[in-house]
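Okay, structure first, notes after.
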Amino acid sequence: KMYSLGVGVPQDDGEAAKLFREAAQDGLAEAQFLLGLKYWIGQGVARDDTEAAAWFRKAATQGLRGAQESLAIMLRKGEGVVQDPAEAIHWFRQAAKQGSAIAEFELGNLYGGGVGVPKDEREGLRWFNRSATRGLAAAQYEFGCRYEAGRNVPLNDKQAVKWWKMAAEQGHRWAQASLGRMYRLGRGVGKDSTNAFIWFTLALEQGHTEVSEELDSVAEALRPQQIVKAKRRLDAMKKRIMWNQAAFAKKQGGLLAPF
């Protein structure tokens, strides 16, 4: 880990991978997982999805949640292994038992889409709710979309705003765009051009170019002094987002599988 992070020694991903391999071959689950990650992203070793999946499986079998998440994602996508949604569900369930918000979200998608299991929108919604309540921004955004559209839940703009705000404050750009739109239109929340400006700006800065015209529109409605104040609030929100992201990662174990 120290070579991987450059703590106390010069950063050296190749040396880190070598040491992870030695520990992984001795059966250490965390080292197996970390070596799998190296192969998955091609850091310190040549990228190799087959090797990544093999090491994830070893660690997953020992009960390591991050490895269970990662192996399940590869099984769902067919990366490095034969695509197998049914086995993916098995590993997502194992990770969900250990409190994985990512696994819960993935189970929501699989049940909602009828992939690897009979389609069951209610079961999918249950898993989305668990993941969103645990704090995963992607699940919170999905829940907001469901309330905004009235899909398998009562139509409720206030609930849509509630869930989108949670996701937006973790840096989810689609939630930021959706929340900005609700503030611009006054749906589920009081009409507020300043808040719309803040959320549209955050979304645009993350590459959500579709909001550029809406951002220009709300900016025109603001006086110069209001824009100055909005930009101060924008800077504060960026810091809050970084803190929220770090807090969620820590709550989920500090090391999340790529997602």
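Bear in mind that the values here come from a model prediction, so they are computed numbers and not experimental data.
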Just wondering, do [Y] and [X] contact through their side chains at under 4.5 Å, heavy atoms?
X: Arg76; Y: Pro85; value: no
X: Gln68; Y: Leu64; value: no
X: Thr50; Y: Asp48; value: yes
X: Glu22; Y: Lys18; value: yes
X: Lys238; Y: Leu202; value: yes

Salt bridge Glu142-Arg151, side-chain N to carboxylate O under 4.0 Å
yes
Salt-bridge present (Arg233, Asp235; N to O < 4.0 Å):
no
Of the non-hydrogen atoms in [X] and [Y], which two are nearest, and what is the gap between them?
X: Gly44; Y: Ala17; value: O-CB, 4.2 Å
X: Ile241; Y: Ala168; value: CD1-O, 3.8 Å
X: Met182; Y: Ala160; value: CE-CB, 4.4 Å
X: Phe248; Y: Arg134; value: CE1-O, 3.8 Å
X: Ala139; Y: Ser131; value: CB-OG, 3.3 Å
X: Leu107; Y: Ala96; value: CD1-CB, 4.1 Å

Give a yes or no on this: more than 12 heavy atoms of other residues, nucleotides or ligands lie within 6.0 Å of atom NZ of Lys231.
no
Joint hydrophobic cluster, [X] plus [Y], side-chain heavy atoms closer than 4.5 Å:
X: Leu35; Y: Met74; result: yes
X: Val161; Y: Trp163; result: no
X: Leu222; Y: Val211; result: yes
X: Leu28; Y: Leu37; result: no
X: Leu136; Y: Phe143; result: yes

I'd like to know if the side chain of [X] reaches the main chain of [Y], judged simply by a donor and an acceptor atom lying under 3.5 Å from each other, with no hydrogens or angles considered.
X: Glu106; Y: Phe92; answer: no
X: Glu214; Y: Phe197; answer: no
X: Gln32; Y: Gln62; answer: no
X: Ser193; Y: Val218; answer: no
X: Ser212; Y: Thr209; answer: yes
X: Gln226; Y: Arg223; answer: yes
X: Ser217; Y: Glu213; answer: no

Can the ring centroids of Phe20 and Trp55 be said to lie less than 6.0 angstrom from one another?
no
Rounded to the nearest 0.5 Å, how far does [atom2] of [Y] lie from [atom1] of [X]?
X: Gln176; Y: Thr201; atom1: CD; atom2: OG1; answer: 10.0 Å
X: Thr61; Y: Gln94; atom1: OG1; atom2: CD; answer: 10.0 Å
X: Met237; Y: Asn195; atom1: CE; atom2: CG; answer: 8.0 Å
X: Lys38; Y: Glu51; atom1: NZ; atom2: CD; answer: 15.0 Å
X: Arg57; Y: Leu71; atom1: CZ; atom2: CG; answer: 5.0 Å
X: Phe200; Y: Leu234; atom1: CZ; atom2: CG; answer: 13.5 Å

Take Trp164 and Tyr141 through the side chain to side chain contact (heavy atoms under 4.5 Å, CB included) test and state the conclusion after the steps.
CA-CA 5 Å; Trp164 281 340; Tyr141 172 68; 3.4 Å; yes
Is it true that Arg146 and Asn152 share a donor-acceptor pair across their side chains at a distance under 3.5 Å?
yes
Distance alone, cut at 3.5 Å: any donor-acceptor contact between the side chains of His172 and Gln170?
no
Stepwise side chain to side chain contact (heavy atoms under 4.5 Å, CB included) test for Gln83 and Lys77
CA-CA 6 Å; Gln83 190 173 33; Lys77 294 181 176 180; 5.6 Å; no
Could you point out which residue of Leu155, Asn156, Asp157 forms a side-chain contact (heavy atoms from CB on, under 4.5 Å) with Tyr147?
Asn156
Kindly determine whether Thr133 and Asn129 satisfy side chain to side chain contact (heavy atoms under 4.5 Å, CB included), including the steps that lead there.
CA-CA 6 Å; Thr133 302; Asn129 184 35; 3.4 Å; yes
Apply the test side chain to side chain donor-acceptor pair (under 3.5 Å) to residues Glu148 and Gln159: give CA-CA distance (whole Å), side-chain angles for both, the deciding distance (0.1 Å), then the verdict.
CA-CA 8 Å; Glu148 193 267 342; Gln159 283 294 314; over 6 Å; no
Would you please classify the geometry between the Phe128 ring and the Phe105 ring as parallel, tilted or perpendicular, with 30° and 60° separating the classes?
tilted
Chi angles and distances behind the salt bridge (Lys or Arg N to Asp or Glu O under 4.0 Å) call for Glu205, Arg173:
CA-CA 9 Å; Glu205 287 180 354; Arg173 64 178 183 173; over 6 Å; no
Stepwise, does the side chain to side chain contact (heavy atoms under 4.5 Å, CB included) test hold for Asn109 with Trp127?
CA-CA 9 Å; Asn109 280 323; Trp127 284 111; over 6 Å; no
